Colleague: 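Once you've had a glance at the structure underneath, I'll fire off some questions.
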Amino acid sequence: DQQVKQNSPSLSVQEGRISILNCDYTNSMFDYFLWYKKYPAEGPTFLISISSIKDKNEDGRFTVFLNKSAKHLSLHIVPSQPGDSAVYFCAARPNNNNDMRFGAGTRLTVKP
Amino acid sequence: NAGVMQNPRHLVRRRGQEARLRCSPMKGHSHVYWYRQLPEEGLKFMVYLQKENIIDESGMPKERFSAEFPKEGPSILRIQQVVRGDSAAYFCASSPRTGDTYEQYFGPGTRLTVT
């Protein structure tokens, strides 16, 4: 049962442009959402998060948007840099539960 | 990733053998989580432990898999009588607490190959 979905397995953008990674979820009990970045042969690294009481959170080049009515969140990276090339996982946690659900990931390639 | 240690990084086992994967959480973290990543798939939650307690094992297969987090020493994920389908990357994560907002910090993973 895929409660968190990342429908784009890959995304390629030009350096300096905006990268938009999308994530959809089905469980309305999710109240905290996170993005992780993963390089090959390494564990995921926390990137940015957002609580369900907000619709936007910004940290430098990274902004996460949450649309609760659509059960959709997105990660914007602007400007994109070659070092951003990695697999990005969307994750969500239900309230009062530690079972965090991950999407299948989107592989971002930023071309110089 | 800094601080969460996993070993071994790579583990090869023959079918029927036992696999023991170790995880040392970040200093000051008392919550440990285990995830499994199958090829071309996302991370799947397996188990959540605090010191000496299993809090949530809803993602653990009912047979052959067990986990512990003793008072002293690392957390151990144990897979008995491994089968080819157990081949995957196993990630451990830790957090300082549970609550409304928190991040989990991941280790580098153990890649298990069953031959």
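These numbers come from a predicted model, not from an experiment. Chain letters run A, B, ... following the sequence lines, proteins first and then strands; every chain starts at 1.
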Colleague: Which distance, rounded to the nearest 0.5 Å, do you find between the CZ of Arg93(A) and the CD of Gln104(B)?
Modeller: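 If I round to the nearest 0.5 Å, the distance is 9.0 Å.
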
Colleague: Are Met100(A) and Tyr48(B) packed together at the side-chain level, in the sense that at least one heavy-atom pair is separated by less than 4.5 angstrom?
Modeller: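 Sidechains of Tyr48(B) and Met100(A): no contact.
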
Colleague: First locate atom CD of Glu103(B), then atom OG1 of Thr45(A), and finally report the distance between them rounded to the nearest 0.5 Å.
Modeller: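 The distance works out to 12.0 Å.
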
Colleague: According to a 4.5 Å side-chain heavy-atom criterion applied to Ile, Leu, Val, Met, Phe, Trp and Tyr, with indirect links allowed, do Val110(A) and Leu11(A) form part of one hydrophobic cluster?
Modeller: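 In one cluster with Val110(A): Leu11(A), yes.
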
Colleague: Using non-hydrogen atoms only, which part of Arg9(B) is less than 4.5 Å away from chain A: side chain, backbone, both, or neither?
Modeller: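 It is the side chain, since no backbone atom gets that close.
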
Colleague: Mind checking whether Ile79(B) and Leu49(B) sit in one hydrophobic cluster, side chains of I, L, V, M, F, W, Y counted as touching below 4.5 Å?
Modeller: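 Yes, Ile79(B) and Leu49(B) fall within the same hydrophobic cluster.
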
Colleague: Give a yes or no on whether Lys5(A) atom NZ has more than 12 heavy-atom contacts from other residues, nucleotides or ligands under 6.0 Å away.
Modeller: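 No - once you tally the heavy atoms of other residues, nucleotides and ligands closer than 6.0 Å, there are 12 at most.
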
Colleague: Report which part of Gln37(B) has an atom under 4.5 Å of a heavy atom belonging to chain A: side chain, backbone, both, or neither.
Modeller: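 Side chain only.
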
Colleague: Any chance CZ of Arg61(A) has more than 12 other-residue heavy atoms, nucleotides or ligands included, within less than 6.0 Å?
Modeller: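 Atom CZ in Arg61(A) is packed in, count exceeds 12.
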
Colleague: Decide if atom NZ of Lys54(A) counts as having more than 12 heavy atoms of other residues, nucleotides or ligands within a radius under 6.0 Å.
Modeller: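 Counting neighbours around NZ of Lys54(A), 12 or fewer heavy atoms of other residues, nucleotides or ligands fall under 6.0 Å, so no.
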
Colleague: Evaluate the side-chain contact (heavy atoms from CB on, under 4.5 Å) criterion for residues Glu42(A) and Phe91(B): first the C-alpha distance (whole Å), next the side-chain angles of each, then the deciding distance (0.1 Å), finally the verdict.
Modeller: CA-CA 10 Å; Glu42(A) 294 183 12; Phe91(B) 291 96; over 6 Å; no

Colleague: Run Phe106(B) and Phe46(A) through side-chain contact (heavy atoms from CB on, under 4.5 Å) and show every step you take.
Modeller: CA-CA 8 Å; Phe106(B) 283 81; Phe46(A) 169 74; over 6 Å; no

Colleague: Please check if the distance between the ring centroids of Phe102(A) and Phe45(B) is under 6.0 Å.
Modeller: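 No, they do not, as the ring centres are separated by 6.0 Å or more.
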
Colleague: Take atom CZ in Arg64(B); do more than 12 heavy atoms of anything else shown fall under 6.0 Å from it?
Modeller: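 Correct, the count exceeds 12.
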
